[in-house]
Amino acid sequence: MVLRLSLQRCLVHPVSALRRHMILTRPASTTPHSTPPGLLRYSPWSKEFLGSLKTRIFLQSAFYAVGIVTAAGLVDSYLFASRTELEEPVLHYASPQGTKLAIEELRATFPRANAVDTDADTLRTYGFSENSYHPASPHSVVVRPTCTSDVVKIVNISRKYRIPITPYSGATSLEGHTSGYPSGSICLDMSGMDQILQINEADSDLVCQSGARWEDINATLKEKGIPLFFPLDPGPGATIGGMIGTGCSGTNAVRYGTARAEWFLNLTAVLPNGEVIKTRRRARKSAAGFDTTKLFIGAEGTLGIVTEVTLRLTPVIPTKVAMAQFPDVEHAVSAVQEILNTPYGPHIQCVELLDDHMMEAINTAGLVDHPYPVEDTLFFKIQGDPTSIKSTSKAVQDIVKKHGSSRFEFASTDQEAEDLWQNRKYALMSTMAANPGTRCWTTDVCVPVSRLPQLVFETKKDLADSGIQSTIVGHVGDGNFHALILFRDDSELQGVSDAVHRLVHRAVALEGTCTGEHGVGVGKKEYLTDELGEGTVELMRVIKRAIDPLNLMNPGKLYPERRKPKAEEFNRPSA
């Protein structure tokens, strides 16, 4: 208090106030432990100081200034360190003994048959993907919840013993999303949480659990005679939770957009601290606060476990399926760009590219009754009432002919149309069946539509020059490109991996993205900083640390390792 008053007085009359302050704060009489009398002559706080009052004030001011600057520097270095100097926190996960105790508690919590599974083959199957070639590990235990409260119990046990959790449901992902953590992990198998809980036909939405498959949802709506459907259509077998996690899309994206286009109205999620939240109400739109629903879309299970979702539905509209073939990919893509930019563009539901190698694979696989000519091919779905379909079809036919199409025809029956589209949806199976004894690395990228011809041309040339066999399919209406690259054994794997790296860098250089719909997982996280920039990636890390400070939710995925700073960055002078 005395010091504060004296400092306040300094502001009014610094010299007189400082004189009073020195009297109040001068050292007490010399004792056996005091400063030796001879040294007091050099202390500006001593009455024996030999210098003038001005010198005394200057020395004391200098002392305080140095102290303040030093303290400020320490605070700045510890609390406001630059991002390159920060280190990831060192987190410790459960020991083998701790994992064993956690499994025992899980068994006690879920005594029903098959709820907790530690079979070695099961743990390996759940931790590895047949068509993923990224680092992977088996899980320590698989747990199968049936409701949100089950998930809460599992998350609480995970936090208690510090065991990472990896969500799993359809197992269709290709970038290592469901692989186990090396120190041990709980695989949360959500596939049993597959119920449709509520259908609100009048509002064009439904509520379901996250393990429900999109195909089953649409089949149920059709069986019930409800003229609505959920338009996001990724690979066969994909579940709603996985579709949210990877920010999926599919063949319908050119007309209906992707997972980020508000097809998920709200979701229920269990956070890493065990709290259950619902991100929004069921209204079709909301301006209330952050869009926390989208925070989980594309987060790949790293921020929490999604357990229930409200899906927006859309009317079923009559469609016709057509096929056009071209001398090369450039002509095909150019035709699509022109079609989409006409007034008939909104009637195009899907435009899918299958290159000549893919068409040959479909024929060879024996999955079609009548083989197709082996050329670069576009499959169209044209949507609308009969008049709209007729006028759109005429416009499409005229445009593809102008761009060199040698063949344009419609499916003659509904069954033929369904078969034609199934051949596109099962491209991976056809590729594998046509090339027995091979393995397949499937990857995707996405570029602005106008850049797609260049990407396809350069990629096909690169693969051919490298002697690598492949098929190519793509959602050409939105620039999404999938390469299915074949190899026979591990001796060829490195060459395939190098080709995938070149493809991704090629796409990013064309103002594209390392993944259009497969997600990041393990396989694509190394490209995120180049694509998004260190600042954006660091913002993602900040959100992750805030929500999951123990890093228990699917660690090792999505967030790239922080770049190690170079020595010159530490020595760089401050501004």
Intermediate values then yes/no, side-chain hydrogen bond (donor to acceptor under 3.5 Å, both in side chains), Q325 and T377: CA-CA 4 Å; Q325 295 193 299; T377 303; 2.8 Å; yes
Audit row: K294, F264, side-chain contact (heavy atoms from CB on, under 4.5 Å) steps and yes/no: CA-CA 9 Å; K294 283 195 174 70; F264 302 108; over 6 Å; no
Audit row: H331, D328, side-chain hydrogen bond (donor to acceptor under 3.5 Å, both in side chains) steps and yes/no: CA-CA 6 Å; H331 282 82; D328 53 52; 2.6 Å; yes
Evaluation steps, side-chain contact (heavy atoms from CB on, under 4.5 Å), between F379 and L354: CA-CA 8 Å; F379 286 178; L354 287 76; 4.1 Å; yes
side-chain contact (heavy atoms from CB on, under 4.5 Å) between I317 and Q349, worked out: CA-CA 10 Å; I317 301 175; Q349 179 180 347; over 6 Å; no
Evaluation steps, side-chain contact (heavy atoms from CB on, under 4.5 Å), between I339 and I348: CA-CA 9 Å; I339 291 166; I348 304 298; 3.9 Å; yes
H357 vs T471, side-chain hydrogen bond (donor to acceptor under 3.5 Å, both in side chains): CA-CA, chis, key distance, verdict: CA-CA 5 Å; H357 296 157; T471 61; over 6 Å; no
T251 vs D233, side-chain hydrogen bond (donor to acceptor under 3.5 Å, both in side chains): CA-CA, chis, key distance, verdict: CA-CA 6 Å; T251 63; D233 63 332; 2.3 Å; yes
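Residues D376 and K460 share a closest heavy-atom pair of OD1-NZ, 3.8 Å. Closest heavy-atom contact between S210 and V306: OG-O, 2.8 Å. Between L510 and P448 the shortest heavy-atom distance is O-CD, 3.4 Å. Minimum heavy-atom separation, A212 to I217: CB-CD1, 4.1 Å. Between L428 and C440, the shortest heavy-atom contact is CD1-SG, 3.8 Å. A pairwise comparison of heavy atoms in I297 and G247 identifies CG2-CA, 3.9 Å as the closest pair.
Between E375 and M359, the closest side-chain pair of non-hydrogen atoms is not below 4.5 Å. I305 is listed as a side-chain neighbour of M553, based on a closest heavy-atom distance under 4.5 Å. Annotation: side chain of V270 is in contact with side chain of T307 (closest heavy-atom distance under 4.5 Å). In this structure, the side chains of D462 and L503 stay at 4.5 Å or more apart for every pair of heavy atoms. Side-chain contact check for M358 versus T431: some heavy-atom pair is nearer than 4.5 Å. Residues Y93 and N551 form a side-chain contact, since some pair of their non-hydrogen atoms from C-beta on lies under 4.5 Å apart. Contact check for T178 versus S173: side-chain heavy atoms found under the 4.5 Å cut-off. Residues V496 and Y133 are not in side-chain contact: their nearest non-hydrogen atoms beyond the backbone lie 4.5 Å or more apart.
A distance-only check finds a donor-acceptor pair linking the side chain of N218 to the backbone of F230 [under 3.5 Å]. One N or O on the side chain of R312 and one on the backbone of E262 form a donor-acceptor pair closer than 3.5 Å. Without hydrogens or angle criteria, K524 side chain to T443 main chain gives no donor-acceptor distance under 3.5 Å. Using a distance-only test at 3.5 Å, with no hydrogens or angles considered, no donor-acceptor pair links the side chain of H482 to the main chain of V473. Of the possible donor and acceptor atoms, one in the side chain of E517 sits under 3.5 Å from a partner among the backbone N and O of G250. Judged by distance alone, the side chain of T319 and the main-chain N or O of Q383 form no donor-acceptor pair under 3.5 Å. Between the side chain of N252 and the backbone N or O of P231 there is at least one donor-acceptor pair closer than 3.5 Å. With hydrogens and angles disregarded, no donor-acceptor distance shorter than 3.5 Å links the side chain of T459 to the backbone of V456. Between the side chain of R541 and the backbone N or O of Y559, no donor-acceptor pair lies under 3.5 Å. N363 contributes a side-chain N or O that, together with a main-chain N or O of Y372, makes up a donor-acceptor pair within less than 3.5 Å.
Of the inter-residue distances, the one linking L558 atom CG with T302 atom OG1 reads 5.0 Å to the nearest 0.5 angstrom. Rounding to the nearest 0.5 Å places CZ of R260 at 12.0 Å from CG of L232. In this structure, Y181 OH and I163 CD1 are separated by 13.0 Å, a value rounded to the nearest 0.5 Å. Rounding to the nearest 0.5 Å places OG of S185 at 13.0 Å from OH of Y168. Expressed to the nearest 0.5 Å, how far CG of L106 lies from CG of D117 amounts to 12.0 Å. Between the CD atom in E215 and the OG1 atom in T239 there is a gap of 10.5 Å [rounded to 0.5 Å].
Residue Y344 qualifies as open at atom OH: its count of foreign heavy atoms under 6.0 Å is 12 or below. No more than 12 heavy atoms of other residues, nucleotides or ligands lie within 6.0 Å of CG in D414, so this atom counts as exposed by the packing criterion.
With E175 as reference, H518 is the one residue of K557, E300, H518 to meet the side-chain contact (heavy atoms from CB on, under 4.5 Å) rule. Of the residues W263, Y256, W214, the one that meets the ring pair (Phe, Tyr, Trp, His ring centres under 6.0 Å) test with F229 is Y256.
In this structure, F380 has its ring center no closer than 6.0 Å to that of F410.
Remark: E561 engages K525 in a salt bridge, criterion side-chain N to carboxylate O under 4.0 Å.
Under the side chain to side chain donor-acceptor pair (under 3.5 Å) criterion, S179 pairs with no residue at all, not counting sequence neighbours.
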